Amino acid sequence: MALKIDFNYSPNFNSIKRNYKKIKFLVFHYTGMKKESDAINKLTKMQSEVSSHYFIKNNGDIILMVPDLYIAWHAGKSAWKNYKSLNKYSIGIEINNSGHQFNYKKYSSKQINSILGLSKHLIKKYNIKKENILGHSDIAPNRKKDPGEKFPWKYLAEHNIGFWHSLSNNLLKKNRQIKINESDKKLFFKNLYKIGYSRNYSKSFHKTHNLRSITKAFQRRFRQELVNGLIDKECLIISNNLLKK
Ligand SMILES: [Zn+2]
């Protein structure tokens, strides 16, 4: 399938070109704005100081806003594993969706098809690892909710984009909202740090708030049925399973 890409360049990028080897991550976002045209305007207007490499419209059309080898301004303050400021190492993909603030809706099937095609193309081109395909909330959990719990992570993983667990729905449901003890909660966070969530959030003054944010980010990604910031047995077994690969 040939990828059809339109152009609408953004002035918001670093003028120094990066080596293609620097590109190690894909980061998905939703726009979080009511109107698609407003989102496109924002990302292509100098005053906003934000941008992304690609934009996926409701009808599935893909717009290139910043060429891959330039650093776009989509991730902001962010961390994953030993990486900080992920803009330097990533390609940002904005998907039109009004987000949690405005009646958060499902992504359209045309959008999902485009996400699939574009991701496959970029993964192959830059040899991006499965574990480096992330959402904005994964790398900035205390600030961001996007792309959110309606993002089709499981479906994408079934098509070799990103990673997912291998647990059955039955087993998951049985463990949902089952309480766990404090040492198991510690184990859960240890697992999260091994997966890549930044340890730094747990060190700050706002530790309790931040740990809840990481838990929610994990849930938006891997336990989308219930995002409550509370660690239950289901969360623990998912985190265990993700590390088995
Ligand atoms: Zn974002």
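The structure displayed is predicted, hence computed values, not measured ones. Every number for a ligand or one of its atoms is a count from 1 in the order of the listing.
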Next item on the list: To 10°, measure the ND1(H136)-the Zn ion (ligand 1)-OD2(D146) angle for me.
Entry: 110°
Check: Is any N, O or S atom of H74 under 2.8 Å away from the Zn ion (ligand 1)?
Finding: no
Notebook entry, point to check: What N, O or S atom of H29 is found closest to the Zn ion (ligand 1)?
Noted result: ND1
Notebook entry, point to check: Ion pair present between D61 and K110, side-chain N to carboxylate O less than 4.0 angstrom?
Noted result: no
Margin query: Taking D138 first and then R221, would you say they form a salt bridge - that is, a charged N and a carboxylate O separated by under 4.0 Å?
Written below: yes
Sequence neighbours left out, cut at 3.5 Å: what donor-acceptor pairs do the side chains of residues 147-155 make with other protein atoms?
residue, atom, partner, partner atom, Å
E149, OE1, H100, NE2, 3.0
E149, OE1, R220, NH1, 2.9
E149, OE2, H100, NE2, 3.2

Next item on the list: Validate the cation-pi geometry between R18 and Y89: distance from NZ or CZ to the six-membered ring centre under 6.0 Å, angle to the ring axis within 45°.
Entry: no
